[in-house]
Amino acid sequence: MTLSVTRRTRLSTTWLILLVPIVLLLIAAPWWAGRADLRLMGEIALYMSLAILWNLLAGYAGLVSVGQQAYVGFGGYLFFALTMLAGLHPYAALPLVVLAGFVISAPVAVLIFRLRGAYFAIGTWVVAEVFRLSFAQISSLGGGSGTSLAPDIVRSLADGRDAREAVAWWLALGAAALVLGTVVWLLRSRQGVALTAIRDNELAARSLGIDIWRTKFTVYVVVSGLTALIGALIFLQKLRISPDAAFSANDWTAFVIFIVVIGGIGTLEGPILGTLIFFALRETLADLGTLYLIALGIVAIVIMLFAPRGLWGFLRDRWGLELFPLSRRVSGLAKKEA
Amino acid sequence: MDWLNALVQGVLLGGLYALFAAGLSLIFGVMRLVNIAHGDLIVLSAYIALSFGVALGLNPLVALLLVVPTMALIGYALQRLILNRTMGEDILPPLLVTFGLSVILQNALLMGYSADPQNLQAGAIETASVTLGPLAVGLMPVMVFATAVAVIAALQWMFYRTALGRAFRATSDRQDVAQLMGLNRAHVFGLAMALSLAVTALAGVFLGIRTAFDPAAGGARLIFGFEAVIIGGLGNLWGTLAGGVILGVAQTVGAKIDPGYQILAGHVVFLIILALRPRGLFPRIDG
Amino acid sequence: MPDALLTLQALNAHYGDFQALYGVDLRVDPGEVVAVIGANGAGKTTMLRSIAGLLKNAPGAIRWKGQAIGALRADQVAGRGIALVPEGRLLFPSLSVEENLVIGGQLGRKGPWSLQRVYDLFPILKERRHQQSTSLSGGQQQMVAIGRALMANPELVLMDEISLGLAPVIIRQIYEALPGIVGEGLTAVIVEQDIAKALSVSQRVYCLQEGRVSLEGQSQTVPREDITRAYFGV
Ligand SMILES: Nc1ncnc2c1ncn2[C@@H]1O[C@H](COP(=O)(O)OP(=O)(O)OP(=O)(O)O)[C@@H](O)[C@H]1O
Ligand SMILES: [Mg+2]
């Protein structure tokens, strides 16, 4: 009997082949999509990125944060500061935002990792509040009422409104690709193996010599840096920033958590599916406003109670679907040993 | 004198924060549950008192006689119907479910009462003051502080001197063995949440008399309560009172320096204590 | 034949995919001491935990005075008058010695056992009653665990390896007390590694082997070879 280990499934291979034309089509979007659609697609790409990042944090590393708005707002504000106050070109500012996200999140991690389990969650919220209150003190960025991105900085991106919209879209698409690529790469690396081991059994992982603290630290810092990048792009699209919008718990955490829970926490496909459902619902139910949030909350609770792996987990258990070649499959064995 | 005044105001404010914290501390102690919706439930209590006030013409302090049992009932039902289904090894389900509850509550209040700030009118008692040495301090804050001390003393007594407290501690130690003693885990948890929300009702009504509140006011209250718990040390009720006082003083002294620093100063003191004494100032000796 | 107090009928037990008990039949009559022996991992603890309601069962697999109790929760089973002295004692660390005993009796069933009776049986516990339960020696903790079960005034007590890790003197002391305990209308199922001890204090014996009953007999008359075979499966 020959055994072979592979991560690929038939579906995931088909999917990867399909991916190429899909990506090309998306890159060409400025030529076939209207301005409003392009904006919506940009928003979808950015939300999807936030969802994928939060899912890595909570679903894989067990770091349930309700304060990721800290890094969304931080990235947005830093981008405004670097371009308007330091006079950097937006393209130069973006990588610096990621770097700054790494640098600021490291000491934060050292501090809040002292809070165990569920208290960690509230600790992340305190950090987000500290960020919000601190940025509200900076008068050169408009203090509590915020500021707009200077027109010449917007103009430096590209000539003409259509060209700028296209650039904003490509940036959002590129960021989403970067996020997805980083997460897939991280999960397939040694860190990914460690993460899976920790998630399955923390005690056993420790006895295997896996440094749990370091693994979680790495994930937290990487996620935070990339979240800051997404924050910068969100406010580049909005052109205006204020402490309440930048550090909004509803926009950057509640929606993101609901997206991931509904799509399927702890699965890579879940956040993607969740984002698509979220926007499909939002576009049809948008005028329900408050009721929409209540409905989302109820759906999320029901899913958590009765199908904790979300929609994707449900589909996967039913049909063994998997789009991304992540889990290792052994073929050639007649049946799994008990 | 101004500084002394800020200090005293801060101590008294700490009483309110200890009330925010006590319910949180209680359910964590009994069932290791962290309730993200705790702050929103505090705000819900204030709105319930408001509605009783409007419907029955009750002073909010009298309305407490109705709000406390109402919240206790809500707590029991919430635990038995929803939260008990999430209790287990994994911390994710209870966290996310209470997070969902928090969003639902906030938005339901928004629909029911609009975003306009509200206030509970307690009448003449709000403006009454007492002289403490060289200072004149409001009667209400003194009453709130005294209530906090009384509540914590009562909880302490309940925990260590009554059959209910014994059941709480036994269930907290070993859930399955506690079942063998004839304790129904689901019921014990329900009672713990009922008690937690009864305290929350007090906190909510006092909050509503002290300041204006709106549907989004819960988040900050959860955070203040949480900070008081961590500063004081997990599992120590008197420590929680001390934590509340430290947080209150940090805020009033911060506000004295610059009004914009009030809340920030509290968070910074919390983070400093977390950095220097991660288990809080007065951690429980065992565990 | 008198009406049985407790009967197990085709009892199965599972931990996830793993099946620990296969169709176990067992009968306990009022007033007797039944010993259950078996090698490590045979399923003895699993059987007692099933009876106590800590594991999910088919309703009819466990009958108490003729009533199906297999689907009841542990606290409901306790209310019917069945108490378990769990393997490894499992006292409540944040309760004092006396509180551990008192909580055992918190259902308030009537009967001969009271705090005073338990202290008469184990005088050392009275001296230590305000101490934290985890600060006692292993043997003293075992006394608390037994006392805690007796405080419930149960009709049936299930004792899981109460002599594990104890000095022989203390084991002897505990087993000398057993006839007195059983005398007053109490029935007992004891799980014991020490076969000789188990046979000497019981009227009937069951042997479990890999989740199945491999022998059932009168403790005084069952041949030693039969036990060896049932125990080791050779
Ligand atoms: N919580 C559990 N999860 C999975 N398997 C278990 C669990 N508890 C027991 N088992 C398995 O069930 C079988 C029976 O275990 P049990 O504890 O009932 O044995 P026992 O006869 O009491 O053994 P011992 O004499 O060592 O106490 C064993 O194979 C054991 O590995
Ligand atoms: Mg055993």
Side-chain angles (χ1 to χ4, degrees), chain B residues 25-32 76 79-81 84-85 87-90 155-192 233-239 279 282-287, chain C residues 45 48-56 72-109 130-135 141 144-145 147-154 156-160:
Chain B
S25 191
L26 178 79
I27 52 166
F28 184 79
V30 176
M31 49 190 166
R32 299 285 171 272
Y76 188 81
Q79 187 67 37
R80 291 295 303 250
L81 298 178
N84 271 342
R85 295 171 195 273
M87 310 293 292
E89 290 292 296
D90 193 358
L155 285 177
Q156 192 81 10
W157 174 80
M158 182 278 300
F159 244 91
Y160 293 100
R161 293 277 177 275
T162 68
L164 182 63
R166 206 161 51 220
F168 281 160
R169 281 180 291 143
T171 307
S172 163
D173 281 349
R174 305 210 139 99
Q175 293 182 11
D176 52 346
V177 185
Q179 294 261 101
L180 290 176
M181 306 296 117
L183 295 167
N184 180 2
R185 189 183 79 129
H187 178 63
V188 172
F189 284 178
L191 291 178
L234 278 181
N236 181 346
L237 279 168
W238 289 114
R279 300 190 60 218
F282 314 102
R284 205 162 67 170
I285 313 101
D286 59 62
Chain C
T45 298
L48 295 194
R49 289 173 63 86
S50 293
I51 298 171
L54 291 172
L55 295 172
K56 279 211 171 20
L72 297 187
R73 290 191 315 265
D75 56 297
Q76 295 169 317
V77 173
R80 302 285 172 111
I82 300 177
L84 171 68
V85 182
E87 185 175 23
R89 307 183 273 266
L90 306 185
L91 302 183
F92 300 111
S94 40
L95 270 57
S96 69
V97 169
E98 186 156 302
E99 284 180 313
N100 263 285
L101 295 172
V102 170
I103 202 168
Q106 64 97 29
L107 280 174
R109 289 171 54 88
H130 296 305
Q131 238 166 285
Q132 241 192 338
S133 55
T134 42
S135 69
Q141 290 190 29
V144 177
R148 184 175 66 179
L150 294 176
M151 284 291 289
N153 277 307
L156 173 68
V157 63
L158 312 167
M159 302 205 242
D160 199 349

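Below, read A as the first sequence line, B as the second, and so on, with proteins coming before strands; counting in each chain starts at 1. None of these values were measured; they are calculated from a predicted model.
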Show the nearest heavy-atom pair for residues [X] and [Y], with the distance to one decimal.
{"X": "B/Y160", "Y": "C/E99", "answer": "O-OE2, 4.0 Å"}
{"X": "C/G104", "Y": "B/M181", "answer": "CA-SD, 3.7 Å"}
{"X": "B/G182", "Y": "C/D75", "answer": "C-CB, 3.4 Å"}

Handout entry: Which atoms of C/Q106 approach chain B - backbone, side chain, both or neither, heavy atom under 4.5 Å
Key =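 Just the side chain, heavy atoms under 4.5 Å.
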Handout entry: Heavy-atom contact with chain B under 4.5 Å, split by part of C/A52
Key =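 Its backbone and side chain both get close to chain B.
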Rounded to the nearest 0.5 Å, what separation is found between the [atom1] atom of [X] and the [atom2] atom of [Y]?
{"X": "C/I103", "Y": "B/D173", "atom1": "CD1", "atom2": "CG", "result": "9.0 Å"}
{"X": "C/L107", "Y": "B/L183", "atom1": "CG", "atom2": "CG", "result": "7.5 Å"}
{"X": "C/L55", "Y": "B/D176", "atom1": "CG", "atom2": "CG", "result": "10.0 Å"}

Handout entry: Among the listed options C/P93, C/P86, C/G79, C/G53, the residue most often paired with chain B at heavy-atom distances under 4.5 Å
Key =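 Heavy-atom pairs under 4.5 Å are most numerous for C/P93.
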Handout entry: Choice from C/I82, C/N100, C/V102, C/V77 maximising heavy atom contacts with chain B below 4.5 Å
Key =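 Max contact count across the listed options: C/V102.
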Exercise for the section: Kindly indicate whether the side chain of B/N184, heavy atoms from C-beta on, has any atom under 4.5 Å from the side chain of C/Q76. Expected result: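 Of all side-chain heavy-atom pairs linking C/Q76 with B/N184, none is under 4.5 Å.
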Handout entry: Side-chain heavy atoms of B/L180 within contact of C/R49, under 4.5 Å
Key =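 In short, these two side chains do not touch, never coming nearer than 4.5 Å.
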Practice task
Output yes when a side-chain donor or acceptor of B/R169 lies under 3.5 Å from a complementary backbone atom of C/L95, and no otherwise.
Solution key: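 Checked: no pair found.
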Exercise for the section: Please answer whether the main-chain N or O of C/L54 pairs with a side-chain N or O of B/Q179 as donor and acceptor at a distance below 3.5 Å. Expected result: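 Not at all, since once roles are kept as given, no pair shorter than 3.5 Å links the two residues.
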Exercise for the section: Name the member of B/S172, B/A170, B/A178 that forms the most heavy-atom pairs with chain C at distances under 4.5 Å. Expected result: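 Of the options given, most contacts go to B/A170.
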